[in-house]
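A quick write-up on the structure given underneath.
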Amino acid sequence: MAKNGQRPKKKPPKPGLEGRIQGLSARRFINLRSIGLALLFVVTLYLISPGLRLRWVKFREGDFPEKSILAQVRFEVTDLEATRLARERAAGLTPPVYVLDHERARSSVTDAKLQFDKIEQDVLNPVFERDERIALISKYMPSSTSETTLDYLAGLDQTRLDSLRTASIETLREVLDRGVLSDVPGSAKAIAIYEKSSNQQGLIRVEDVLTLKKVPEVIQESAAKRFPNSSRQQRALRELTLPFITNTLSFDEKRTQEAQEESRRLTAPVTKVFSKNEEIVQAGHKITPEDLLELEAHAQALSKANRPQVYVGNALMLAMVFACFLLYLRRYRPEVFLSQKALLLVSVLMLLTLITGKLVIVVGIPDVWLYLVPVAAGGILLSALVDDRLAIVYSFFIGVLYAVQGGHRFDLFVIAVLGSLAGVYFLKTIRKRSDIFWPGIVVSGVNVVIITALKLIGGIGEDIEFFSALIAGASNGLITAIGVVPGSLIPLEGMFGIATNIRLLELSDLNHPLLKRLAMEAPGTYHHSLMVGNMAEAAAEQIGANSLLARVGSYYHDVGKMNKPLYFSENQREGKNKHDEITPTMSSLVLIAHVKEGTELAREHRLNEPILQFIQQHHGTSLMPYFYQKALEQDPTHTVKEDNFRYPGPKPQSREAAICMLADGVEAASRTLVNPTHGRIKGLVEKIINNKFVDSQLDECDLTLKDLHKIADSFTRVLGGYLHSRVEYPEEQTIPEIKEKFESTDTKVGAKAASKPRANSRSN
């Protein structure tokens, strides 16, 4: 802070979500965070708590319990054998289905009509005598036709023949359309008749079914109704109709089986009731599939009975887990604890993992397939998006929650934690896309080793279950490596404004449109930015900061100068200064504007939030001393406000942004050195850094005095290599000039040598 107290006392808001949160009152801020944590707590409690089951005791088929298992609550369970018998009984009582064949009935009626046509042709022929007619008719009449009927037919006239024919055909059609069955099924009490023509099905009692044995009686009743006064006509109708009676109902096996299956399905299961303290499985008794069903039903009933207690217990455990995690962040990672985006990211990853586990549990697949849930993906993503320390703590945090969700299983905790830690460790530094693939492969290997160890210990039973567990564990890592992590990284980068090293490497390409435009429109600024990037990268490496972020952020920190490049000294030529033409106040506005315009350009090109912070923070709230002093000189009343000549900020919030600020100031000032010796460079660097420190520009970042000394040494070394003094060579000359010079020198030397003997001779 300045001694005159003219510095603004109000702390500038941070950009983005943190800025909006900081602008709220303290009480409202606490309330918002409390509401969010409360909602997260409730949702998490639901996800980790059991639904309709809780496995208190786990048995497998073939186990021999050491103690008798007693029912702790009253419950009902399906009696498998009784249910099977009941359903088979229902299937046996299902009426068989017969199809009524109308085509066969029509064929029989047609044959009867043809026979009457022949009878008419022979009987009504006046050429034949009565005996001849009988002989002719008997040739195509059934052998069962009596002589009385043949004699009766031979004496018919047209009227009586037509009457007999009509009565016979109608009787035949009525009987066949009713349905004729060869014989009634022995055990059935009714049958179902399906008519193809109407696609309808109806039930009929067995005693009402018309069989071939009952047909003569039915035809006789019809004949008596039609010819009540003539026994000869009744006999003729019966004997002319019976030969054409055929079986018109055929058994349909497929429809009968479907009806039986429907009867089985509709038959309610038979249940048996276990009272409290009643024995479910006797000690030493081999566990059967029916015993497993009873134990499962007991577990579900126990879960329902104890669900309030379970929820309370899980709530207490969850509260402790949340408290430990948040207290750790508050003490050891305060920057994460205060970052809304970091906490939201942790919450999203945790909920996605638990929701996946919940879905697997609800589906009801075997327990070993819980190893398939990619729990380690959350830790790997946090390592890539935030840092390793948060990812390690998160690994234990999610491991506990997932173990509780899976039924308080220690094996799930071990696999979740060790798999996550292995993935985080082998992620290291991401420099290319393939780097995010290998941690998933490591997770697969770790899962296989842990599952094998559990098998040897006895935590996994049958070989089939063991191999299923191996497949699930190995697939877990592959899903993490191929799908979850690569597929989630880019969306999470965009949602939370985080720039991973992969994204930074993409932005470091000097062919990026924004950097190419900077090189064309403001070449001096472009060269300055490259120098600042190199200096920032070297300094960040010295103090353990993100050197890649420092370099890339420095590349873009001055892109706002493209709009008015000639107002910045590095782009000015021939000694012309555009600021000589405007007032100091206007000059300060031009310089301040490049921060805002740079931010707009960065957002237009969709640069990530960390890069935007470099643009917004690389001047902090620094003073523009030249224009401030010039304004004071032009104002004799000295009423110039210092605030008008300070950048709006905010101050650097990260070590990388602070390094960029220092490198920016040092690189610009180094251009003024006349004779850049090591001592002068070191003095300049220390002066610039000390000025920023005294001006409180480094108050909101995590740089220590030790870090500042390392940064100063790094800047001095880089600038020393760039600005080192060179050996002064004579003016460059052409080859003819050099030769002419040496020829003239040789001539003078020769002349001098020739004159020397003569002089000696004279002396002698």
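One-based numbering along the sequence shown.
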Kindly assign one of parallel, tilted or perpendicular to the pair H619 and Y647, based on the angle between their ring planes and the thresholds 30° and 60°. parallel
Atom [atom1] in [X], atom [atom2] in [Y]: separation rounded to 0.5 Å?
X	Y	atom1	atom2	value
R603	E609	CZ	CD	6.5 Å
S488	L349	OG	CG	8.0 Å
R333	R389	CZ	CZ	4.0 Å
H557	C660	NE2	SG	5.0 Å
Q340	S347	CD	OG	10.0 Å
M350	L40	CE	CG	4.0 Å

Contact check, side chains of [X] and [Y], non-hydrogen atoms, under 4.5 Å:
X	Y	answer
V360	L372	no
L326	L37	yes
I436	I502	yes
V77	V273	no
L698	L708	yes
L507	Y555	no
Y402	L370	yes
Y394	V386	no

Whether [X] side chain and [Y] backbone form a donor-acceptor pair below 3.5 Å:
X	Y	value
Q616	F614	no
Q697	T621	yes
K358	S49	yes
S554	A550	yes
T500	L385	no
S395	V417	no
T356	L352	yes

Do D707 and T704 have side-chain N/O donor and acceptor atoms under 3.5 Å apart? yes
Tell me if the [atom1] atom of [X] is crowded by more than 12 foreign heavy atoms within 6.0 Å.
X	atom1	answer
K272	NZ	yes
F410	CZ	no
I464	CD1	no
Y328	OH	yes

If you compare all heavy atoms of [X] against all heavy atoms of [Y], which two are closest, and at what distance to 0.1 Å?
X	Y	result
A403	F413	CB-CB, 3.6 Å
S275	E278	N-OE1, 2.8 Å
D411	Y371	OD2-OH, 2.6 Å
L45	Y311	CD1-O, 3.9 Å
S654	Q617	N-OE1, 4.4 Å
G419	V443	O-CG2, 3.4 Å

Between F397 and F322 (judged by ring centroids, cut-off 6.0 Å), do the two rings come close enough to count as a pair? yes
